[in-house]
Amino acid sequence: MGMYIELDRQGEVPLYQQIRNFLKEQILGGSLPPGSRLPSTRSLARRLGVARITVQEAYDELISEGLLTAHVGRGTFVLGPDGRSPAPSSPPEPPWEVSPSRLSTRAILRDMLRMAASRDILSFAAGVPAPEFFPVEGLRRAINRVLRREGVSALQYDVPEGLLLLRQAISRHLSEMGIAAAPEAILNTSGTQQAIDLVARTLVEPGDAVVLESPTYIGAIDVFEARGAKILAVPVDAEGMRVEALKPLLVRYRPRLIYTIPTFHNPSGSSMSLERRRQLLALAREYAVPILEDDAYSELYYRESPPPPLRALDTSGHVIYLGGFSKTLFAGLRFGYMVVPEGLRERLTYAKQTADLHTSSLIQWAVLEFIRREGIHTHLRRIRAACLARRDAMARSMEVHFPPGVQWALPQGGLYFWVRLPREVTAFEVFFQGLARGVAVAPGPAFFPDRSGEEYIRLNFSLHPPERIEEGIRKLGETVGFLLERARRARLRRQRVPAALL
Ligand SMILES: Cc1ncc(COP(=O)(O)O)c(C=O)c1O
């Protein structure tokens with residue numbers, strides 16, 4: 001195993017934990033794929049110049065986190081995310097250079113999506129809306145009508161900016177949210193995710209600085225990392241992005257873009273106050289930086305409607321606005337749209353054409369027909385009521401089943417609880433131990449550009465009915481209780497081990 005572990009022998013972090021952290025990073029980052037065989041405790045201890053018990057403790061922790069498995073006489077192996085041990089192999093030579101942080105963020109996102117789809121796992125990990133509220137019948141009627149009435153034009157190529165009639169309908173929909181956008185300002189995309197990618201390709205060159213919130217949406221981290229951007233992270237609190245931390249970054253790094261989710265932020269659930277929205281817009285104007293406003297969740301509010309979108313308050317053309325129906329109507333249709341300031345329209349339209357010519361004609365016609373004939377307001381009311389009931393069911397279950405020291409705030413919209421764990425327990429431990437009990441969470445570090453945030457997990461509350469939510473939260477409560485007890489025992493054990501052995 002040609003790996004180099006740098007140990008800080010004077011530091012505060014115990015040596016066994018440094019070894020554990022290093023190996024965990026390699027495993028989650030993919031450098032030690034499932035099936036890899038680890039060196040024996042004796043040989044690793046010799047190479048690192050530490051006591052064998054130190055390496056043994058590191059391995060033991062990784063075993064109880066579900067990352068490793070030990071076979072007497074054969075050795076210690078890396079487990080797959082499903083807890084199975086594939087045929088042992090040696091780690092392949094990495095064919096290209098990728099920083100560990102990039103790899104692991106992607107690996108975690110992939111695992112989350114895979115687990116949410118697995119029937120055996122009760123998953124709170126993914127950001128998916130309640131499937132039983134997808135308007136299947138309404139969409140079937142819409143597609144049938146479109147095929148009958150429009151015939152080939154629903155199957156023909158379109159212009160890159162998308163079906164004009166649909167952009168007109170979206171323009172009317174946006175005006176209800178206080179956004180004045182002519183159809184010519186609207187560009188239809190294949191989901192909001194594609195819109196983020198198109199903006200990054202248009203405005204950001206490798207090495208350019210970009211401001212992201214910390215934490216933020218994983219898909220946005222992926223886009224900007226893939227683009228080779230230098231990511232500047234601004235913390236988020238209960239009032240959204242901490243705008244006062246932004247100004248020094250604008251002065252020093254002159255970023256090309258500020259990406260924000262001001263309303264029902266993913267993953268923290270907070271919304272930016274009106275005051276901060278105004279401050280952010282003023283800074284964008286002063287430093288001439290465009291804002292990419294991702295408004296994926298604002299229509300999912302549970303009590304009162306949120307503050308107006310940044311785009312509705314923008315008087316100087318600094319906001320690129322992203323919207324869609326993924327979280328409310330039909331996530332898998334892959335439809336979204338952006339409202340583009342005039343100076344960027346040509347470049348973004350060209351980027352869309354380069355990416356995929358245009359969004360599927362049939363899908364655009366179907367969305368248009370759905371909006372026209374079925375309407376979205378009745379549906380939105382239903383889905384808000386269902387999600388509110390599920391949010392409250394999760395809050396009640398957490399009150400009952402979570403041990404003291406677990407903290408969360410009640411989200412006023414969106415799909416997630418952002419949960420802070422007790423100090424002794426980490427997100428990855430909850431992730432793997434939870435999985436062993438049949439329940440999945442999204443680990444906090446997936447949402448932080450620098451992969452900090454081990455004290456957080458994100459729980460989606462929209463996917464399961466209340467009884468399943470109760471069952472999953474009970475299992476998670478047991479998981480956290482088990483980890484607290486294990487941490488307590490480990491502390492006691494360490495106190496008993498003579499210092500000379502460590
Ligand atoms: C903040 C945010 N933006 C964008 C997306 C992706 O949305 P779409 O399905 O429109 O691509 C998500 C999905 O989780 C999200 O949370």
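Counting starts at 1 for both ligands and their atoms, in listed order. Worth knowing before you read on, the calculation uses all heavy atoms, side chains too, and leaves out hydrogens, waters and symmetry mates.
- The environment of E304 atom CD is sparse: at most 12 non-hydrogen atoms of other residues, nucleotides or ligands sit within 6.0 angstrom.
- A side-chain donor from one of T359 and S190 sits under 3.5 Å from a side-chain acceptor of the other.
- Counting only heavy atoms of the protein, atom 1 (C) of ligand 1 lies nearest to D294 OD2, 3.4 Å.
- Geometrically, R384 engages Y301 in a cation-pi contact defined by less than 6.0 Å to the ring centre and at most 45° from the axis.
- Residue-level proximity to ligand 1 for T192 is carried by backbone and side chain together, each with a heavy atom below 4.0 angstrom.
- Of the protein's non-hydrogen atoms, the one nearest atom 14 (O) of ligand 1 is K327 NZ, 2.7 Å.
- Under the 3.5 Å distance criterion, the side-chain polar atoms of H464 are left unmatched by any main-chain donor or acceptor of I469.
- With R451 contributing its side chain and A446 its backbone, the two residues share no donor-acceptor pair below 3.5 Å.
- If you check each of F335, F325, Y217 against atom 15 (C) of ligand 1, the one with the closest non-hydrogen atom is Y217.
- Counting only N and O atoms by type, the side chains of N188 and E161 include no donor and acceptor under 3.5 Å apart.
- Checking only distances, Y416 never comes within under 3.5 Å of ligand 1, N or O to N or O.
- For ligand 1 and I261, the ligand atoms under 4.0 Å from any heavy atom of the residue are 1 (C).
- Near R334, meaning under 4.0 Å from one of its heavy atoms, ligand 1 places the atoms 8 (P), 9 (O), 11 (O).
- Within the listing of ligand 1, atoms 10 (O), 11 (O) sit less than 4.0 angstrom from a heavy atom of G191.
- The single protein non-hydrogen atom nearest to atom 16 (O) of ligand 1 is Y297 OH, 2.6 Å, given as residue, atom name and distance.
- Residue E369 forms a salt bridge (charged side-chain N to carboxylate O under 4.0 Å, His left out) with just one option from R149, R148, R141, and that option is R149.
- Using a 4.0 Å heavy-atom cutoff, H265 is absent from the residues neighbouring ligand 1.
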